[in-house]
Amino acid sequence: MNAQAHLWQAGPPDGSYGEAASALNKSLAMHRWANWIAGFSGEFARNAIAQFLPRPHRDCVVLDPFAGVGTTLVEANRLGLNGIGFEINPFAALVCRVKLGAADICLRELQDGVKGYESFMEGAASSDKQPRSSPPTGFRSRIPFFSPAVERKVLLTLDYIGALPPQINDLFRVAFASVMVEFSNYSYEPSLGTRPAAGKALVDDADVGRILAAKLGDMMADIDEFQNESAGQNCAPEWQVYQHSFFDAASHIAAASVDLVVTSPPYMNNYHYVRNSRPQLFWSGLVQSPGELKPLETGNFGKFWQTVRGDTEIPLTQQFPQLEEEIAKIRQINRDRGVYGGNGWANYVAAYMNDIDRFCRLLSIFLKPSGTAVVVVGNSIVQGREMKVEELLCPIAEMRGLSVLNVTKLRERVGSSIVNSGARIATAKRNSGLYDAAVVLQSPN
């Protein structure tokens with residue numbers, strides 16, 4: 001089935017999606033707490049909810065199967081709607097839970113904690129105080145992640161955080177994890193790499209206390225605003241964030257219980273969320289050993305090329321001749337390179353599309369009759385061949401009993417290719433640039 005079989009338009013029926021780029025979250029209250037590489041903006045999530053749940057009742061449920069750092073769930077909460085999220089990455093799940101728990105934070109206790117931290121760090125700066133905390137033993141990096149001067153301040157910070165009560169401890173951990181790369185010898189380009197490799201100087205020293213306190217100040221301002229908004233709600237919405245794969249959802253939510261899904265599955269771009277969040281996972285105490293990362297990699301939606309490249313030829317779980325033909329073409333490219341050529345990447349595409357199929361099957365189970373799902377996906381270029389994921393998603397969804405209401409091209413995006421794409425922008429030689437699209441699906445009556 002091709003794109004012409006579905007309705008393309010510039011936006012939803014009333015044109016109210018707004019700015020979709022997740023980069024907008026860097027300046028939005030609550031959403032600015034921690035950056036996440038993909039997804040969409042809080043504005044997009046809020047407008048999608050308003051568009052497809054224009055007159056919600058108090059028992060409405062909004063689901064995000066790939067909750068990330070909580071963009072959809074925060075907006076659902078602010079609109080007084082119940083929310084459920086699934087997020088396999090422990091760091092993202094922590095951020096999501098802390099944001100949604102902001103209505104119950106004692107601001108005075110948090111303010112006292114921040115003032116105490118500033119005094120603690122000022123005192124440590126004028127003394128030879130040595131930290132009790134140690135670097136995480138399971139964490140490895142190509143060059144020292146922190147310089148000696150910075151590491152001492154980081155470990156003193158962890159000493160202070162460890163003595164805080166649970167809710168305030170979690171807020172501090174989120175704040176620390178969100179700024180820690182800023183004073184490290186690494187940077188996101190967008191994947192995590194050393195600063196020298198990106199042409200940047202090492203960070204010999206930094207005012208860790210000031211940077212963290214400033215972040216916490218922003219979070220306190222957002223919490224104050226969030227609590228003022230929540231005070232106007234007649235009944236506090238309920239929410240739950242499961243640190244599990246969405247593929248385990250049947251153990252946690254009932255069939256036909258969800259009114260609206262607003263989500264963005266990981267793109268078919270092999271961005272390694274686990275490896276790129278290793279610093280936050282280890283330094284925040286969310287994992288202790290490299291072995292704990294393996295289930296996150298194998299359980300991640302779409303897998304990663306590194307986890308499936310050496311498998312025997314992966315078949316599709318649904319009969320889809322057009323996709324099978326495309327995968328076969330990819331498999332023939334650079335066969336002499338084995339898993340590093342088309343063979344390994346064909347496995348990655350097949351594994352990814354199989355997870356798209358599993359995702360659609362679960363949507364058909366959990367959506368209420370006439371329930372809606374807004375799914376943001378991005379095209380990809382693998383071995384020089386463009387994969388229009390939105391065009392592949394539509395027929396798979398229909399095979400699972402869902403209807404396609406519309407497909408909206410949201411924006412052009414800049415991103416690195418997987419293999420052989422060079423598609424940071426469209427060029428005269430390549431007709432394909434990278435873009436995001438929203439696919440709106442509906443369950444039968």
Side-chain angles (χ1 to χ4, degrees), residues 1-18 20 39-40 43-67 71-73 75-76 79 81-86 246-247 249-250 253-265 301 317-318 320 323 353-379 388-410 436-445:
M1 186 173 296
N2 57 37
Q4 284 70 32
H6 299 288
L7 176 64
W8 277 87
Q9 51 190 43
D14 66 356
S16 60
Y17 277 150
F40 39 70
E43 177 183 327
F44 175 91
R46 190 177 188 88
N47 289 335
I49 294 169
Q51 172 68 31
F52 295 104
L53 280 181
R55 291 178 294 277
H57 52 80
R58 63 178 295 176
D59 295 326
C60 277
V61 174
V62 177
L63 168 68
D64 189 344
F66 312 98
T71 303
T72 292
L73 299 183
E75 291 304 322
L79 291 167
L81 300 170
N82 301 320
I84 299 174
F86 289 83
F246 178 55
F247 296 142
I253 57 177
S257 63
V258 174
D259 295 271
L260 175 65
V261 172
V262 181
T263 195
S264 181
F301 178 92
T317 52
Q318 285 268 42
F320 194 164
L323 179 55
M353 296 312 302
N354 284 343
D355 278 355
I356 287 282
D357 180 42
R358 295 171 72 193
F359 166 65
C360 290
R361 180 177 60 82
L362 290 176
L363 287 185
S364 70
I365 292 172
F366 296 124
L367 282 172
K368 292 179 180 178
S370 299
T372 306
V374 181
V375 185
V376 176
V377 294
N379 70 329
K388 294 185 177 182
V389 176
E390 77 288 350
E391 291 187 13
L392 300 170
L393 167 61
C394 290
I396 290 174
E398 290 175 333
M399 291 177 199
R400 290 301 182 181
L402 301 168
S403 300
V404 179
L405 297 187
N406 62 68
V407 182
T408 304
K409 189 172 183 178
L410 297 174
D436 296 333
V439 178
V440 181
L441 307 172
Q442 190 173 62
S443 62
N445 293 332

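All figures in this text were calculated on a predicted structure; none of them were measured in a lab.
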Q: Determine whether Ser257 and Val61 make a side-chain contact, defined as any pair of heavy atoms from C-beta on separated by less than 4.5 Å.
A: no

**Q.** Spatial distance of atom CD (Glu75) from atom CG (Leu73) [nearest 0.5 Å]
**A.** 10.5 Å

Q.
I need the Leu63 CG to Ile253 CD1 distance, nearest 0.5 Å.
A. 5.0 Å

Q | Main-chain N/O of Thr317 paired with Asn354 side-chain donor or acceptor, under 3.5 Å | A | yes

Q: List the atom of Thr372, the atom of Phe52, and the distance in Å for their closest heavy-atom pair.
A: CG2-CD2, 4.0 Å

Q. To the nearest 0.5 Å, what is the distance between CZ (Arg46) and OG1 (Thr71)?
A. 13.0 Å

Q | Side-chain donor or acceptor of Asn445 paired with backbone N/O of Pro369 under 3.5 Å | A | no

Q: Given side-chain contact (heavy atoms from CB on, under 4.5 Å), test Val440 with Val404 step by step and report yes or no.
A: CA-CA 6 Å; Val440 181; Val404 179; over 6 Å; no

Q) Hey, mind stepping through Phe320 and Met353 against side-chain contact (heavy atoms from CB on, under 4.5 Å) and telling me if it holds? A) CA-CA 10 Å; Phe320 194 164; Met353 296 312 302; 5.7 Å; no

Q: Could you tell me which non-hydrogen atom of Cys60 sits nearest to which non-hydrogen atom of Asp259, and how far apart they are?
A: CA-OD2, 3.2 Å

Q. If you measure from CG on Leu392 to CG on Asn379, what distance do you get to the nearest 0.5 Å?
A. 10.5 Å

Q: Would you name the heavy atoms of Leu260 and Val374 that are closest together and state the gap between them?
A: CD1-CG2, 4.5 Å

Q.
Holding to side-chain contact (heavy atoms from CB on, under 4.5 Å), I want the full list of residues that pass it with Leu362, two or more places apart in sequence or in another chain.
A. Phe246, Phe247, Ile365, Phe366

Q | Heavy-atom check, side chain of Ser443 versus side chain of Leu363, under 4.5 Å | A | no

Q. Do Phe40 and Tyr17 have ring centroids that are under 6.0 Å from one another?
A. no

Q: Output the distance between atom CG (Leu393) and atom CG (Leu402), rounded to the nearest 0.5 Å.
A: 9.0 Å

**Q.** Sequence-distant partners of Thr263, side-chain hydrogen bond (donor to acceptor under 3.5 Å, both in side chains), two or more places apart
**A.** Asp64

Q. For Val439 and Glu390, which heavy atoms make the closest approach, and how far apart are they?
A. CG2-CB, 3.8 Å

**Q.** Smallest separation among heavy atoms of Asp59 and Lys368, with atom names
**A.** O-NZ, 4.4 Å

(Q) Can you give me the closest heavy-atom contact between Val376 and Ser264, atom names plus distance? (A) O-OG, 2.9 Å

**Q.** Euclidean distance, Ile396 CD1 relative to Gln318 CD, rounded to 0.5 Å
**A.** 7.5 Å

